[in-house]
Amino acid sequence: MAVRRDAALASLGTYEDVIRVNRLDNGNLIWLQVRGTVVAGNDGRPARIQGVSIDVTERKRAEEALRFADRRKDQFVAMVAHELRNPLAPIISAAQILKVRSAGDASARKAAAIVARQAEHMASLINDVLDVSRFNTGLIALESSRSTCVKSWPTPSSRPPNYGRARA
């Protein structure tokens, strides 16, 4: 607050800050939103600061409660994702075994392929949820970089034969 106030004093400007103070009457810790304007005297130099202080303790407590709830949510999502991912490995393995062993039965092979594909898709989704959870808890960070996006539109000759037709 002192830096902002000093800058306001130097320029005869305004400042705003949120500060934490102990009340003198009961010693309780409170948060104040402070706004001030420097008022110049007859000589043009700063004479006083005119302002207002608003008790924002409840807002600060609510913000902290939201941050705590958000952390708990991230922990819960990570735990659920791990619990969902654990049974997927044996399901995927069993589906692969069924695909190999059902060589003569086309419908069993098709069913095993569907189960394997869907289980792998679920595993991919769960891994994405875990990545989001890791990002939210600060375990991984994203790095940004520039890239060029080129949009290409298919020409009529490059389109598949049934392009644009309704599917049954």
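These numbers were taken from a predicted model, which means no experiment stands behind them.
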Tell me every residue that passes salt bridge (Lys or Arg N to Asp or Glu O under 4.0 Å) with D131, counting only those two or more places apart in sequence or in another chain.
R134
Please determine which of D128, N136, L130 meets the side-chain contact (heavy atoms from CB on, under 4.5 Å) test together with V132.
N136
Is there a side-chain contact between I30 and R20 (heavy atoms, below 4.5 Å)?
no
List in chain and number order the residues that pass salt bridge (Lys or Arg N to Asp or Glu O under 4.0 Å) with D70, two or more places apart in sequence or in another chain; answer none if no residue qualifies.
K73
Residues in salt bridge (Lys or Arg N to Asp or Glu O under 4.0 Å) contact with K110, at least two apart in sequence or another chain:
none
Please indicate whether R101 has more than 12 foreign heavy atoms, meaning atoms of other residues, nucleotides or ligands, lying under 6.0 Å from its CZ.
no
OG1 of T57 to CZ of R23, rounded to nearest 0.5 Å, is 9.0 Å
Same apolar cluster (I L V M F W Y, side chains within < 4.5 Å links), V52/I19
no
Which atom pairs, one a donor and one an acceptor, fall under 3.5 Å between side chains of residues 32-50 and the rest of the protein, sequence neighbours left out?
unit_1: Q33; atom_1: NE2; unit_2: E16; atom_2: OE2; d: 2.8
unit_1: D43; atom_1: OD1; unit_2: R45; atom_2: N; d: 3.1

Does L24 have more than 12 heavy atoms from other residues, nucleotides or ligands lying within 6.0 Å of its CG?
no
Could you go through residues 86-99 and list every donor-acceptor pair under 3.5 Å that involves a side-chain atom there, pairing it with any protein atom two or more places apart or in another chain?
unit_1: N86; atom_1: ND2; unit_2: H82; atom_2: O; d: 3.3
unit_1: S93; atom_1: OG; unit_2: A89; atom_2: O; d: 3.1
unit_1: Q96; atom_1: NE2; unit_2: E120; atom_2: OE2; d: 3.4

Tell me, with the steps shown, if S124 and I126 meet side chain to side chain contact (heavy atoms under 4.5 Å, CB included).
CA-CA 5 Å; S124 175; I126 290 168; over 6 Å; no
Considering only distance and modelled atom types, tabulate donor-acceptor pairs under 3.5 Å from the side chains of residues 60-69, sequence neighbours left out.
unit_1: R61; atom_1: NH1; unit_2: E58; atom_2: OE2; d: 3.0
unit_1: E64; atom_1: OE1; unit_2: R67; atom_2: NE; d: 3.3
unit_1: E64; atom_1: OE1; unit_2: R67; atom_2: NH2; d: 3.1

Would you say V18 and V21 are hydrophobically clustered, going by side-chain heavy atoms of ILVMFWY under 4.5 Å?
no
Can you get from V80 to L139 by hopping between Ile, Leu, Val, Met, Phe, Trp and Tyr side chains that sit under 4.5 Å apart?
no
